[in-house]
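Structure first, commentary second.
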Amino acid sequence: MLDWINRIVPALLLTASTVFGSLESLHMLQLESYQLDGYRRWIAANKERAYVKGFVSAIVSLLAMTAFSFFAGVWTYFLTAVVALGCGVISFLLYRRRPAKKKLVFTKRVWRLVAVHAALWFAVYLLLDVAGDFVIQVRALPFAVPAAWVWTLALSALLAQPMEKAINRHFFRDAQKKLRENPDLIRIGITGSYGKTSTKFILATILSEKYEVLATPSSFNTPMGITRIVREQLQPRHQVFLAEMGARHKGDIAELVDLVHPKYGLLTSVGPQHLETFGTIETVAATKFELIEGLPADGAAFFAGDGGICEALYAKTTIDKTLAGLTENCAVRAEDVRVTTEGSTFSLVAPQGRIACKTPLLGRHNIQNAVLCAAAALKLGLTLEQVATGLAKVEPVEHRLQLIRGAGGVTVIDDAFNANPAGAKAAMEVLAGFPGRRICVTPGMVELGEEEKELNRIFGRQMAAACSIAILIGKKRSEPLHEGLREGGFAEENIHVVASLDEATALLARTTQPGDVVLFENDLPDNYDE
């Protein structure tokens with residue numbers, strides 16, 4: 001019995017060490033939505049963060065084992081396991097001291113993954129201990145494991161996938177059942193490379209003039225995100241359900257269509273977004289079009305008049321369809337557009353007539369989103385007056401060109417949620433419309449595949465034409481932005497490169513003046529920290 005206690009207790013200590021030491025990697029895996037391809041990219045881009053603490057823990061543990069072997073006798077293995085646990089706890093404490101924009105959330109899925117990871121390594125440690133009775137060198141192997149912490153978590157996630165898929169499928173089917181039980185519910189899907197969330201909230205506000213509306217909150221646009229909203233928030237009183245549909249891989253939208261079964265679909269845009277996973281713009285277009293292909297024969301599709309890919313997809317659509325935008329070829333369009341630093345005004349022109357509209361939203365691209373929503377609302381029976389009233393009530397979406405009157409006479413434009421080529425260009429147009437010193441704070445754009453550097457260089461040139469001071473976050477990541485600014489003739493003394501958003505904020509506190517306008521364009525999550 002004592003012999004097995006001497007085996008089990010060290011194995012438990014080593015398992016606890018592995019769990020503590022792997023929590024930072026678990027955090028990054030969660031930020032990557034548990035996608036192993038994204039997790040592997042994080043490891044490749046952050047080798048020091050991924051490996052150093054594990055290697056140090058392994059070396060310290062092996063050195064401790066060597067030292068204990070001279071005097072500890074039968075207690076060598078136990079004492080070395082205690083040292084290994086200390087290394088794991090220190091690794092955890094160092095991780096906790098690192099500032100985080102979004103901390104690790106201990107969801108039920110996280111606890112299940114921790115359990116799988118712990119069970120896997122408890123078994124491994126126990127087996128290695130037993131094997132060490134026959135081959136003495138094997139007893140040193142458990143203490144080298146920290147060097148592979150980052151990959152053992154990936155293995156555990158892979159082992160847990162069948163269980164997670166079964167759990168997700170259960171909830172998915174439950175949400176499908178709840179939706180089937182409400183056949184009168186008007187279901188609307190919204191997708192696009194960008195503009196989805198803003199369009200969703202604009203449409204929800206307009207439709208609320210006539211209907212009881214439930215829209216997925218924030219950026220809940222994945223199968224499990226939408227499933228959760230359906231199961232927890234959809235009530236019999238709701239007449240309309242708006243589902244934002246996001247995608248990173250081909251087939252993702254088709255899966256969401258299978259869940260929601262929308263009758264109406266809005267396509268806001270098609271552009272170079274998530275090219276790391278999509279590969280090509282053609283794959284992006286095909287994936288977004290899965291929403292339109294999934295609509296029933298008596299459904300209706302609404303396309304942004306972008307003069308490009310959306311209009312090409314509009315042309316190939318065979319069901320009832322509407323093109324909405326700012327040009328004359330659009331059946332529903334905006335005319336007499338006037339964009340100011342306080343919002344926008346325009347005339348909405350549709351087959352039903354013409355009406356003057358105003359909205360507090362900034363930028364011409366938001367007028368495009370508003371007109372697309374107006375087209376859908378008119379199809380669903382709202383009057384022009386109801387549409388105009390709804391547009392006037394629309395509030396800027398948090399972190400999406402949100403205008404904030406800051407302290408000391410400084411105006412802040414918060415566009416920190418995300419950045420893409422079209423959105424960044426629109427943000428520069430908005431910034432250029434403000435008087436006074438214009439300051440842009442940005443880490444640039446990500447997930448653009450092989451085009452990322454060139455698109456960020458173009459973004460830099462756009463910044464040169466729109467702002468007075470550029471604060472770039474991330475010394476390595478911002479190099480293409482820096483090049484673009486120089487190409488645009490931007491003064492080098494007005495370019496500041498900082499390591500983090502905290503440093504940028506501190507710099508702003510020292511340098512801003514009354515009348516300055518500060519645009520925060522994109523804020524990368526913790527898994528993109530250098």
Side-chain angles (χ1 to χ4, degrees), residues 192 194-203 205-206 268-269 271 304-308 310 323-330 332-350 354-375 377 384 387-406 411-440 442 459 462-468 515-522:
Y194 24 82
K196 297 184 294 294
T197 304
S198 296
T199 298
K200 174 181 64 182
F201 286 121
I202 294 170
L203 183 55
T205 304
I206 296 173
T268 66
S269 55
D306 63 351
C310 280
L323 190 65
L326 308 181
T327 55
E328 290 186 0
N329 65 318
C330 295
V332 180
R333 61 187 180 275
E335 295 182 352
D336 306 324
V337 174
R338 184 170 178 267
V339 178
T340 72
T341 58
E342 302 294 332
S344 308
T345 62
F346 61 94
S347 295
L348 177 64
V349 180
R354 182 187 189 100
I355 193 168
C357 297
K358 63 179 180 179
T359 173
L361 301 177
L362 301 176
R364 290 178 64 88
H365 67 296
N366 268 322
I367 297 179
Q368 167 67 75
N369 295 336
V371 174
L372 184 64
C373 293
L384 286 169
V387 170
T389 300
L391 282 171
K393 293 178 181 179
V394 171
E395 296 182 0
V397 181
E398 190 176 20
H399 307 310
R400 292 169 176 84
L401 286 180
Q402 181 183 11
L403 192 64
I404 303 169
R405 300 299 181 184
T411 298
V412 173
I413 305 173
D414 182 355
D415 199 34
F417 175 77
N418 198 353
N420 54 73
K425 181 181 178 182
M428 291 306 102
E429 291 173 354
V430 169
L431 181 61
F434 280 79
R437 285 202 314 171
R438 300 179 296 276
I439 304 170
C440 182
T442 184
F459 179 22
Q462 294 166 345
M463 289 172 60
C467 64
S468 315
D516 286 353
V517 180
V518 181
L519 168 68
F520 288 91
E521 181 62 18
N522 205 9

*In Å and rounded to the nearest 0.5 Å, what is the CG to SG distance from L372 to C330?*
10.0 Å
*Are the side chain of T205 and the backbone of K393 linked by a donor-acceptor contact shorter than 3.5 Å?*
no
_Rounded at 0.5 Å granularity, tell me how far CD1 in I439 sits from CZ in F520._
9.0 Å
*Nearest heavy-atom pair of L403 and T341: which atoms, and what distance?*
CD2-O, 3.5 Å
*Atom CG of L361 and atom CD of E395: how far apart are they, to the nearest 0.5 Å?*
10.0 Å
_Quick one, F459 with E521, criterion side chain to side chain contact (heavy atoms under 4.5 Å, CB included). Give me CA distance, side-chain angles, the key distance, then yes/no._
CA-CA 11 Å; F459 179 22; E521 181 62 18; 3.7 Å; yes
*To the nearest 0.5 angstrom, please state how far the SG atom of C373 sits from the CD atom of Q368.*
10.0 Å
*Can you name the closest pair of heavy atoms from G308 and D306 and give their distance?*
N-OD1, 2.9 Å
_Testing the basics here: between A388 and C357, what is the closest heavy-atom pair and its distance to 0.1 Å?_
CB-SG, 4.0 Å
*Verify, without hydrogens or angle tests, whether Q402 (side chain) and V412 (backbone) share a donor-acceptor contact under 3.5 angstrom.*
no
*Heavy-atom distance under 4.5 Å between the side chains of L362 and P396, does that happen here?*
no
*Could you tell me whether a side-chain N or O of T268 sits under 3.5 Å from a main-chain N or O of Y194, the two making a donor and an acceptor?*
yes
*For R338, does the CZ atom sit with more than 12 other heavy atoms under 6.0 Å from it, leaving out its own atoms?*
no
_For a quick test of reading the model, state the closest non-hydrogen atom pair linking P435 to V517 and the distance between them._
O-CG2, 3.9 Å
*Over all heavy atoms of both residues, which pair between A304 and C310 is shortest? Give the atoms and the distance, please.*
O-CB, 3.2 Å
*asked:* Between F201 and V394, does the side chain to side chain contact (heavy atoms under 4.5 Å, CB included) criterion hold? Intermediate values first, please.
replied: CA-CA 8 Å; F201 286 121; V394 171; over 6 Å; no
*Would L431 and C467 count as a side chain to side chain contact (heavy atoms under 4.5 Å, CB included) if you check the C-alpha gap in whole Å, the side-chain angles of each, and the deciding distance to 0.1 Å?*
CA-CA 7 Å; L431 181 61; C467 64; 3.8 Å; yes
_Residues I413, V430; criterion side chain to side chain contact (heavy atoms under 4.5 Å, CB included); working and verdict_ = CA-CA 9 Å; I413 305 173; V430 169; 4.3 Å; yes
*Qualifying residues under salt bridge (charged side-chain N to carboxylate O under 4.0 Å, His left out), relative to E328, sequence neighbours excluded*: none
*What is the distance from atom CE of M463 to atom CZ of R438, rounded to the nearest 0.5 Å?*
12.5 Å
*Partners passing side-chain contact (heavy atoms from CB on, under 4.5 Å) against V339 (at least two apart in sequence or in another chain)*: V337, S344, R364, I367
*Between Q462 and A424, what is the shortest heavy-atom contact and its length?*
OE1-C, 4.4 Å
*With side chains defined as the heavy atoms from C-beta onward, is the minimum distance between I355 and V387 less than 4.5 Å?*
no
*Can you measure from SG (C440) to CG (N522) and round to the nearest 0.5 angstrom?*
10.0 Å
*Do L391 and F346 touch side chain to side chain, with heavy atoms closer than 4.5 Å?*
yes
